[in-house]
Amino acid sequence: MMKAMRENTKIILWIVVIAFVITIFAVWGLDLQSGGMAQQQTVVGRVDGVTITPMAYQAIYTQLSQQYRASDPTGSLTGAQQEMLREQAWENIVNNVLTSREVERLGITVTDEEVLNSIRTSPPAEVQQYFQDAKGNFDFVAYQEALNNPEADWSSVEQMVRQRIPVVKLNQYLMAQVHVSQAEITRALQEEAAKMVAEYVMFPIATETVEGTGPSDADVAAYYEKHIDEYQSPEQAILDVVRVAIAPNDRDRADLVYGGDQIRGDIVSGDNGDFATFAKTYSESHTAAVGGETGFIGANQREAAVMAALASLQPGGISPVISTADGIAIVQLIATKKERGETLYNMRELVMKLTAGSATVDSLSLLAQSLQEKAVESGDLAAAANERGLEIVTSQPFAKGMPVPGVGYVPALTRFAFAGEVGSVSNVIADENNFYIARLQSRTPATARPVAEVAEAIKATLEREAKTESARRKARAFLRSNSAPEAVFRDVAKQYGYEVAKTDSFSVTTPVAGLPGYSAFARAALAGQPGDAVGPVASGDAIYVIHIVGRSEPDPSALSSRIPATRDRLYQQKVQSYVMHWFNQLKENSKIEDLREAS
C-alpha cells in the first residue's frame, strides 16, 4: 500500500488539486449537514442534499487566503484576489463532497494497519516539514525518534492520514481505467520523428463561388430547427446598481502629507538610514527595490510638480513633500547632465500613493449600509439612492459569469443576480474600489433566440458549407484524374490550371503549409506512403490534395529508447483527461446549489 502511495504521487496530484486541496471535514470538524437539519440553519450551498455551512466555507477561504498571503511578499489581497479565493474555496468544498460520495459509493475503506504503515513510512508533507536536516531534506531518523516517543500525541496526524488514504485508493481505481496501447505509443513516436516532404494543391474555401442566390428562407428555417440547441440564449438578468466609490478625501491627503513630513524628517536627520534605506521601506514606486534611484530622466517622465522641485535642488538636496495627482513624493537629486540641449536628472524618489484611510472607508461603508437598509425597508433602491445624492445604473441583460453592463466584472453581483429573488436587494458588496448595492429587477430563463435574430449567421454558415462542398468536389475530381495510370501530380495539376506548392521537410508536430503543428494536413501525410496522393483533406480554411514526395522513417533503435518516456507522457495526459471527465460527469449528475450571499 505505501509503495503504491509513493509511486502514484504525481497522479495523486490530479485528484488532490481538484478535490482535496484542503482537508477540512475531519481535521477541523466543520459541520456539513444533510437531511432535515440543513433547513434549520443558514447555508451557503447544497451538494446532493449535503449542506455547506458558512462556517465550513469561511474556514476554507481563510486557509486559502493565509496560504496566498504567505506566498506574497506584500501580504495583502486585492478585491479580485479575494474573489478568486472565494471561488476556489467554493470549488474545493463542492469537489470534496462529490469525491467523498464517490469514495462511499465504491465502498473504499481504510484499515488501522494502513494508517499505521502510512504514518511510519510516508508521513504527510505537513509533518515532514518539522523534521528536516541541515540541507532541508526530510530527516527520517529524527522523525522515527519522535514517532517512538510515548508521550507524543499523533492523533491529529492519524486523522489526516486516515482521510487521505481513500484518495490514494480512489486514484488507483481511476488509474485502472486508463491504458496506453502500443499503437498509441508508436503513433506518437512517428508523429514526432517521421519526416515528410509533400507537394499539394490547395482549394481555399473563401474564394469558392456557388451558383444561385444563396440560402433561401426555407433553408434557413430548416437549419434553425435542426440546430436549435446551438441558438439557445442563456438565462439573463437585469440589475439596478448603486455604486459608492471608495475614494480618498482631503483628510486622507492631509494625513498622507503629515506622514510624508515625518519620513522626510527622519531622512534628513540620518539617524535611521539614508534616503535609499527609507525608499526601500516606504516607497510604492517600482524604483523602491533600487533605493528609489531613477537613472537620468527628462522633464516629461515625472509630474511637473516633481520636476520643478527637482530643478530647485543641488546634488544631495532633498525636496519638501510634493503633492501629486496620485499621492505624494519626496525626491533627492543625485546629479544632472545636459544632453541635446535638455537637462536630465538622476534622482532618488520616495513615492506614496493616496488611498482612502480606514476612517474614510468606515464612513463610506456606513453610508452604503444605511442605503441598503433603507432600500430593503422601502423596497425602493432608486429613492434611497436619490436621498443620498447617488446615481442608480440599470444594466442591460447579461448572462451568468459575465460582466454587469455599465458596472463591470463584479462576481459577487453576478452571483446575486442569479441566486437572489426578483425584486430583492443585495447585501452591501465591496471590492477595492467601490461598495455596491443592487436590486434584482428581472431574470429571464434560457430560451431559443428568434430565427430572425440569427438568420444572417445561419446564412453565412450555409454559404460556407456550400463553398466547402464546392472545394471538395474540385479536390475529388482532381484526385480521380491523378489516380489514372501513369498520371503525374504536377502534370495533372497543370491540366486543371492548379498551382502546386511544395513543403520543406516536416513532421506532424511542426507547422507546415501555413498550418500549425498537429494539423490534419500533416496527419494525412503521415498516413500515406511516398508516391501516394491523399485527400480531400480539410485543414484550416482550405481543402487539400497532398502528394507525398518523400518520407524518412526514424531509426528503430533510437525510438526504442524513447518508448518509456513517451508512454509516461501519454499516460499522464490520459489520466488528466480522464479525471477531468470523471469530475465533470460527477458534477453533471449532481444537484449543486450555490446559495452564497452576495457579500
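From a predicted model like this one, the values you see are computed outputs, not experimental measurements.
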Could you pull out all residues at least two apart from R569 that satisfy side chain to side chain donor-acceptor pair (under 3.5 Å)? E192
Can you tell me if D541 has over 12 outside heavy atoms packed within less than 6.0 Å of its CG? no
Could I get the full list of salt bridge (charged side-chain N to carboxylate O under 4.0 Å, His left out) partners for R251, not counting sequence neighbours? D255
Contact between L239 and L440 at the side-chain level, heavy atoms closer than 4.5 Å - yes or no? yes
Side chain to side chain donor-acceptor pair (under 3.5 Å) with E158: which residues, sequence neighbours excluded? R162
Got a sec, which residues hit ring pair (Phe, Tyr, Trp, His ring centres under 6.0 Å) with Y61, two or more places apart in sequence or on another chain? none
Side chains of S283 and S285: do they bring a donor and an acceptor to under 3.5 Å? no
Is there side-chain contact between Y258 and V321, with heavy atoms separated by less than 4.5 Å? no
Flag, side chain of T287 to backbone of T294, donor-acceptor distance under 3.5 Å: no
Listed once per pair and sorted, the salt bridge (Lys or Arg N to Asp or Glu O under 4.0 Å) pairs that draw on residues 364-389, sequence neighbours left out: none
Audit row: T324, D326, side-chain hydrogen bond (donor to acceptor under 3.5 Å, both in side chains) steps and yes/no: CA-CA 5 Å; T324 65; D326 296 328; 5.8 Å; no
Shortest non-hydrogen contact from V44 toward T53: CG2-O, 3.8 Å
L381 side chain near L371 side chain, heavy-atom distance below 4.5 Å: yes
Does the N584 side chain pair with the main chain of M580, one donor and one acceptor, at a distance under 3.5 Å? yes
Listing request: all salt bridge (Lys or Arg N to Asp or Glu O under 4.0 Å) pairs with a residue in residues 241-250, at least two apart in sequence or in separate chains. none
Once salt bridge (charged side-chain N to carboxylate O under 4.0 Å, His left out) is applied, do any residues pair with K587, and if so which ones, sequence neighbours excluded? E91
Is it true that a side-chain atom of K591 and a backbone atom of G49 form a donor plus acceptor pair closer than 3.5 Å? no
Do the non-hydrogen side-chain atoms of Y223 and V451 ever get within less than 4.5 Å of each other? no
Answer with yes or no after comparing the ring centroid distance for H227 and Y231 against a 6.0 Å cut-off, counting only values under it. no
Please check if atom CD in E391 has more than 12 non-hydrogen atoms from other residues, nucleotides or ligands closer than 6.0 Å. no
Distance, nearest 0.5 Å, that separates CD1 of I429 from CD of E83: 9.5 Å
For a quick test of reading the model, state the closest non-hydrogen atom pair linking P405 to P403 and the distance between them. CD-O, 3.3 Å
For residues A247 and L364, report the shortest heavy-atom separation together with the two atoms involved. N-CD1, 3.9 Å
Residues which pass ring pair (Phe, Tyr, Trp, His ring centres under 6.0 Å) with F435, listed by chain and number, not counting sequence neighbours: none
Quick one: pull up CD1 in I93 and CD1 in I52 and give me the separation to the nearest 0.5 Å. 4.5 Å
Is there any salt bridge (Lys or Arg N to Asp or Glu O under 4.0 Å) pair reaching into residues 58-67, and which pairs are they, with sequence neighbours excluded? none
Would you say Y68 and Q81 are linked by a side-chain donor-acceptor pair, where the criterion is simply a distance under 3.5 Å? yes
For a quick test of reading the model, state the closest non-hydrogen atom pair linking D252 to T355 and the distance between them. CB-O, 3.8 Å
Scanning both residues in full, the closest heavy-atom pair of V103 with P166 reads CG1-CB, 3.9 Å
When the ring planes of Y578 and H581 are compared, do they come out parallel, tilted or perpendicular, using 30° and 60° as the limits? tilted
Over all heavy atoms of both residues, which pair between A309 and I322 is shortest? Give the atoms and the distance, please. CB-CD1, 3.5 Å
Pairs flagged by salt bridge (Lys or Arg N to Asp or Glu O under 4.0 Å) wherever residues 444-455 is involved - sequence neighbours left out: R449-E453
So, do I238 and T394 sit near enough that their side-chain heavy atoms are less than 4.5 Å apart? yes
For E102, enumerate each residue passing the side chain to side chain donor-acceptor pair (under 3.5 Å) test, keeping only those at least two apart in sequence or located in another chain. R105
Taking ring pair (Phe, Tyr, Trp, His ring centres under 6.0 Å) as the cut-off, I'd like each qualifying pair that reaches into residues 378-398, sequence neighbours left out, listed once. F398-F418
Is a side-chain donor or acceptor of T62 paired with a backbone partner of Q58 at a separation under 3.5 angstrom? yes
Take atom CD of E421 as the centre, draw a 6.0 Å sphere, and report whether it contains more than 12 heavy atoms from other residues, nucleotides or ligands. no
